[in-house]
Structures are given as C-alpha cells and as structure tokens.
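Right, one structure below, let's go through it.
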Amino acid sequence: MKEKWTVLVLTMGLLFPLSACSGEGGADADGAALSVRGAYLSMSGCSGTLEVTADYGQRVYTYGMALDWSRDGETVLELTSPEEVAGLRARLTEEGGALEYDGVSVETGPLTGEGLSPMEAPLALLDGVREGYLASTGLETVDEREELHLVIRAPEGVPGTGTELEVWCDPETGALLRGEILSDGRTVVTCEFQSFTMEGEEEKN
C-alpha cells in the first residue's frame, strides 16, 4: 500500500535573519547563529541519525531514523527502529511535493494544526534553521558542552501559540544536537541526534 503525506511547509518567513531578542550569550550567540545559518544555506547536503519521539497525548511513539538530505537531488528518510517498520523509506525530490511511503503502515498522523507528521520532523528542523525567523538565540552549557539554542517561530507569532521550533546545535560546526517542535506550547516532537554531518564546499569541520 502506498500513501502520500503532504510535506510540511513552515511559513516562518525569510523576513529577518535575527530577532532583536537574544538570550544568554548576547552578541556572541547572535554571531554564532548567523554563522550557522550561513553554513546551512551554503551546504549541498547533510546526513545524520536520530531518535524521534512523537507525543500524541495519550499515545507516544519513538522511532529511529536516518536522514540523507540533498539540496538539489533526492532526500531520503529511513526508519531504523522499531523492528517492524525498520527499512521503511520516504523520498522527496524537487519535482515532487509529497513523501511516498511504500510497504508497512506506520503511525504518521498529524501532530500540529499545520499537519506535521513525525516523519517530517527532521525536515522541519532543517527548514527552520535555514530559513525560519529566529525569535531568540542563546548559548547554553549542557553536560560541560556549549550549545547554541535557537527559538524559531513566525515573525508575528506569540510565544506558546501555534507552531514553534527549539533547536540546539554545535555553535562551531552547526551540527544538529537535538530539536523540539511545539504546538500551542506543548512539545509534540523531540529529535535527538546521534550524528550529523554537513556536506558542501563550505562545510565546517
């Protein structure tokens, strides 16, 4: 059975590279955010492995996933766990505006008012870092490691309403560490990255 899910297009906008609101780290955080955004805009692709937890309220699902994103070619998302859905792939090309799932059925019902499904969560995070409105930036120390914390929402958005993204990444390389997608203030998707590699002529090491 083949099902198609419409790809989420976050209308965060390209209006402003940074907001006027900075958290801990101030100008240093803003500078790191601008550098990371530049790296994401210039990269030709990226790959990574992650664990996705989708919270439907009374139901919580956790999936292992591999991501292979290409700016100009084909993007592939593959489930690696649990065992009953391992190997299920979703493919996206520039010509197609939908993800196609073949084979086993997997719970990918909408989690937000915009229709976001768990399989699309990594792409939403990438879109947010690349193009979303940065409502705030900050540098945090987590387990003795410095992380850049980005809050992304619509420019006119009110905190705690609609769809918001919170992303933590390496301030030097830009590598995604984890991300959360919130709907009306409630975390509906959490992504924990075990690995993340950016590709391209301006790739940071």
Does [Y] offer a backbone N or O that forms a donor-acceptor pair with the side chain of [X] under 3.5 Å?
{"X": "Glu164", "Y": "Gly160", "answer": "yes"}
{"X": "Ser42", "Y": "Gly38", "answer": "yes"}
{"X": "Arg91", "Y": "Thr75", "answer": "no"}
{"X": "Arg37", "Y": "Gly132", "answer": "yes"}

- Classify the ring geometry between Phe196 and Phe193 as parallel (under 30°), tilted (30 to 60°) or perpendicular (over 60°). perpendicular
Side chains of [X] and [Y]: does their closest heavy-atom pair fall under 4.5 Å?
{"X": "Leu165", "Y": "Val151", "result": "no"}
{"X": "Arg178", "Y": "Cys191", "result": "no"}
{"X": "Glu146", "Y": "Glu140", "result": "no"}
{"X": "Pro118", "Y": "Tyr61", "result": "no"}
{"X": "Arg186", "Y": "Asp55", "result": "yes"}
{"X": "Leu67", "Y": "Leu123", "result": "yes"}
{"X": "Glu147", "Y": "Cys169", "result": "no"}

- Message: Looking only at the side chains, is there a donor atom on one of Ser195 and Thr49 sitting less than 3.5 Å from an acceptor on the other?
- Response: yes
- Message: Can a side-chain donor-acceptor contact be found between Ser47 and Asp68 if the only test is distance below 3.5 angstrom?
- Response: no
For [X], which residues count as a side-chain contact (heavy atoms from CB on, under 4.5 Å) partner, sequence neighbours excluded?
{"X": "Ser81", "answer": "none"}
{"X": "Thr62", "answer": "Glu51, Thr53"}
{"X": "Thr187", "answer": "Glu180, Leu182, Thr190"}

- Linking I/L/V/M/F/W/Y whenever any side-chain heavy atoms sit under 4.5 Å apart, do Val189 and Val85 land together? yes
- Would Leu139 end up clustered with Trp168 when hydrophobic side chains under 4.5 Å apart are linked, directly or stepwise? no
Quick one: [atom1] on [X] to [atom2] on [Y], what's the gap to the nearest 0.5 Å?
{"X": "Leu126", "Y": "Cys46", "atom1": "CG", "atom2": "SG", "result": "4.5 Å"}
{"X": "Ile181", "Y": "Glu120", "atom1": "CD1", "atom2": "CD", "result": "9.5 Å"}
{"X": "Tyr40", "Y": "Arg130", "atom1": "OH", "atom2": "CZ", "result": "10.0 Å"}
{"X": "Leu150", "Y": "Leu148", "atom1": "CG", "atom2": "CG", "result": "4.5 Å"}
{"X": "Tyr63", "Y": "Leu77", "atom1": "OH", "atom2": "CG", "result": "13.5 Å"}
{"X": "Leu125", "Y": "Glu166", "atom1": "CG", "atom2": "CD", "result": "11.0 Å"}

- Task: Output, in order, the C-alpha distance, side-chain angles, deciding distance and verdict of side-chain contact (heavy atoms from CB on, under 4.5 Å) for Leu177 and Arg145.
- Result: CA-CA 11 Å; Leu177 301 173; Arg145 175 180 63 185; 4.0 Å; yes
For [X] and [Y], which heavy atoms make the closest approach, and how far apart are they?
{"X": "Thr137", "Y": "Ala29", "answer": "OG1-CB, 3.7 Å"}
{"X": "Leu79", "Y": "Met65", "answer": "CD2-CE, 3.8 Å"}
{"X": "Pro122", "Y": "Leu50", "answer": "CG-CD1, 3.8 Å"}

- Ring-face cation contact, Tyr56 with Arg59, 6.0 Å cut, 45° max: yes
